[in-house]
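Worksheet for the structure shown next.
Below, chains carry the letters A, B, ... as their sequence lines are ordered, and counting in each starts from 1. Values below: every heavy atom of this structure, side chains too, minus hydrogens, waters and symmetry copies.
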Amino acid sequence: MPDRDDQRRDDPDRYDQNRYDPGAVEGRWQRRWRDEGTYEIDNDDSRPGFYVLSMYPYPSGPAHMGHVRNYTFGDLLVRYRTMLGDGVLSPIGFDSFGLPAENAAIRTGEHPRTFTEARIAELSSSLQRIGAVYDWRRVLCSHDPEYIRWTQWIFLKLYEAGLAYRAEAPVNWCTGCRTVLANEQVLPDGTCERSGDPVEDRELAQWFFRITAYAQRLLDDTDSIDWPERVKNMQRNWIGRSAGAELALPIADAEGRPRADVAPIQVFTTRPDTGFGITYAVLSPEHPRVAELTSPAQRPAVAAFCREAADRSELQRLSAEGRLDKRGVACGTSVINPFTGQAVPLFLADYVLMTYGTGAIMGVPGEDQRDWEFAVAHGLPILRTVEPPEGFDGEAYPGDGPSINSDWLDGLGVAAAIERAADWLESQGLGRRKVNYRLRDWLVSRQRFWGCPIPMVRCEACGYQPVPAEELPILLPDDVDFQPTGQSPLNAHEGFLAASCPACGGPARRETDTMDTFVDSSWYFLRFADPANDRAPFSAEAAARWLPVDQYIGGIEHAILHLMYARFFTKALADIGVAPAGLSEPFARLFTQGMIRLGGAKMSKSRGNLVAPEEILDRQGADALRLAHLQVKPPQDDVDWEDFGIDGCAKFLGRVWRLAAGEAHPASAARSGALTAADLEIDRGAHRLVDRVRRDFDRWSYNTAVAACMEYTNELYRYVSAPEGPHGETLDGALDRLLLVMAPMVPHITAELWERRCGRHIHTEAWPVAEAAKLAAERVTLVVQVNGKVRDRLEVDAAIDETEALRCALASERVQRHLDGASPRRVIARPPKLVNLVL
RNA sequence: GCCCGGAUGGCGGAAUCGGUAGACGCAGAGGGCUUAAACCCCUCGGUUCGACAAGAGCGUGUGGGUUCGAAUCCCGCUCCGGGCACCA
């Protein structure tokens, strides 16, 4: 072990100056980028704008591997687009409201603000440690009073526009978080997506945003955005458009005739063509007209059924999924099938949901499997109205075919019959075409402290009233006591609660609910365009300058929630004149990176399987860690931590360092003068590298971009160690290009080497030009096939023509062996790459 | 059930327009440097037969098809991942 020290003593200068020391190099450049404002940008910058945004993080402490991955991709793009000559907007902020800080407060008594701000400081410094660069002048936090002011201002604007409202509704109550959740925050198994606790149904008055008013536009505009098909599909599924008709089923009297004195029930169907097959109808147990439409004899049974359905939790209902018994009970009343005029019995069934359509359906067992099962269970008649194909041995037939048993619809195919039936319903005044969506309004109130207060007050006389805009922001008090009950301390804080009614001036109480943190993240990307504006959340001009975000980057876990809400906000803000009128989408391009797993499970704090980046940053450096993230897998894929090759990446950087710092070859060995074939080839290789890396960057293929750099570095090692030695100028040109294309990936080491080589700053250099004339190799491999099998490979001139290629191919001894004296029946020549001789 | 993706060596992956399958990296083997080890440098790695050679056969989940030629295009199937789902 003493040898290394001896070496140091022998040649201290050489050791200190030339050794690759990531810690020293990286710290120095990180300070420089921040101090010099290298990536600050003004709104009047004359370069073409390019807005790169990585989803702003929840500040949970120092960056974890998921952050490193996300912000490495974003940073690469910021640096790359800057080199291409764009004026890049690269902001960062913190999603600083949320439950973890409040839970910590309940545990320790520390105010969520001091707790959160400490975590923000940690996260900021670790983002800088991975070399990510931002315009720090634009930093924002959702808990900042100015940000709160404008979030509340937007709430009031939406309220004014009728897009925010308060309503009593069945809501999702998370037993663990002690707050209501949006539908989007409840997992398919009926648990909370945050805490994993069971979610209950409760009937509560809550604040909502009318996102359903934008359902069709949200659906239509998915076609126009450059997002992963997978994400767009998830959004389309979530919106869940279904087109059909709503029609009225009159109530029948004892003789089976329609009663004029009682309103009919409305049902929604996507298959009005099957109307002749209606043999019963069903109400949801929660339907408001259940009591009215139940016969005296059926009252006890119906009441019992409703009670049972109400008691059944979401979880139990889901666990009953797939069971075929189709629980239901007869009302003892009948309705009229408007197509046939026949009376059919009315039922209650819990498979009919009050929250979708009209809460009532027509039963067509012939074409709907659930209806078939219900009909069988309750002894109801089944009438097919679509002819199933020959040999069909199933039960209900939902497919296409000619209408049967349907009078004036007979013979029509399903699509045509739907149109005819809908026309008929409309002309008879019995119904109308209708589109239904699965999407529900966004429930935004949360019964929590650490969020943006909803700017409303409640007056005994005037009801809920909006706080006047000039009174904003309504801030959270500092002097609060967090009780272990989990109740928001706002409920007991007189200073916060006391208010006067903006309408009548009388005493009023402040709303204690705060907003879902997804409200904060629904407009932060707009605020970045104009972060210091104190007269508006942002000016339309500034927003028009930068929006939509050219490249948005984040985790796939936000595919529905955040991304849907942000799209809704952007459209709504444009409609009410806050955002530019032409802005319909917030994120023109979206990239969703995969998650990191360890031991087969998603790497996360809650699972306790985090790998701390700090140790790697200390040992191998930020560049090695960044490179490992880029190299390990295509960026959109999930990745196992076990597959990361940090050491390999660090080794590669060492190779680049030694090559560029002149250690891999003696400087005196460099030639000058005439160029050899090897010199020309290494030069062409550099141009090919530039071209290849650029195309890889543009298609998010970072793993192959890294491979290209490694491959070229290997070539350079062979080049410098060849007996004739490298040509000085050629080698310099090659190294310059290698460092430039690597700069966005490994910004520190390339900056250091560049400065040592030429004294300039690599991150203000332009992306190198790949000269078209140098992209093509001079000699290429001509593959010769016989009957499609490779039989020989020949080195030929790249400009070879068909005749010459064929001559070379036929001259090959190996090829001749396989031709066995015969001459090819057919020749496919694709010079200079391939000749295929077919016998 | 409906809608999206996937499947390539021991491993992660590459092959961008239908034309050399396995780039690059990890793990492994051999060699060089060194008193020695580490570092570093070079070389070799799909598989079977063959002798460790030359050479040949087989190879991209599976079965067909189109084509001079298929990882790539088409049809069927299997398995894996994701989204939606008693949604009328």
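- Using a 4.0 Å cutoff on non-hydrogen atoms, the parts of residues 264-274 of chain A near RNA chain B are Phe268(A), Thr269(A), Thr270(A), ordered by number.
- Not a single side chain to side chain donor-acceptor pair (under 3.5 Å) links Tyr397(A) to another residue, sequence neighbours left out.
- Screening residues 703-723 of chain A for ring pair (Phe, Tyr, Trp, His ring centres under 6.0 Å) gives no qualifying pairs among residues at least two apart or on separate chains.
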Fill in the blank from the handout: B/S/- along nucleotides 13-18 of chain B (protein heavy atoms under 4.0 Å) is SSSB--

Check nucleotides 57-60 of chain B for protein N or O atoms closer than 3.5 Å to its own N or O atoms and list the pairs.
residue	atom	partner	partner atom	Å
G57(B)	OP1	Arg791(A)	NH2	3.4
G57(B)	OP2	Arg791(A)	NH1	3.2
C58(B)	OP2	Lys789(A)	NZ	3.4

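- Where Asp368(A) and Arg438(A) each meet RNA chain B at their nearest nucleotide, the meeting point lying more 5' is that of Arg438(A).
- Applying the side chain to side chain contact (heavy atoms under 4.5 Å, CB included) rule to Arg241(A) yields the partners Gln216(A), Leu219(A), Ala243(A), Val435(A), Tyr437(A); only residues at least two apart in sequence or on another chain are considered.
- With sequence neighbours left out, Thr222(A) forms a side chain to side chain donor-acceptor pair (under 3.5 Å) with Arg236(A).
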Practice task
Convert the base pairs of RNA chain B into dot-bracket notation, remembering that pairs crossing earlier ones are written with [ ] and that bases paired across to another strand are shown as |; include only Watson-Crick or G-U pairs under 3.5 Å.
Solution key: (((((((..(((......[....))).(((((.......))))).((((.....))))..(((((..]....))))))))))))....

Restricting both atoms to N or O, compile the protein contacts to nucleotides 45-48 of chain B shorter than 3.5 Å, with distance only.
none

Please produce a list of atom pairs where a protein N or O lies less than 3.5 Å from an N or O of nucleotides 63-65 of chain B.
none

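- Residues forming a side chain to side chain donor-acceptor pair (under 3.5 Å) with Gln593(A) (at least two apart in sequence, or on another chain): Asn70(A).
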Under 3.5 Å between N/O atoms: give me all the protein pairs with nucleotides 3-10 of chain B, atom names plus distance.
residue	atom	partner	partner atom	Å
C3(B)	O2'	Asn233(A)	OD1	3.2

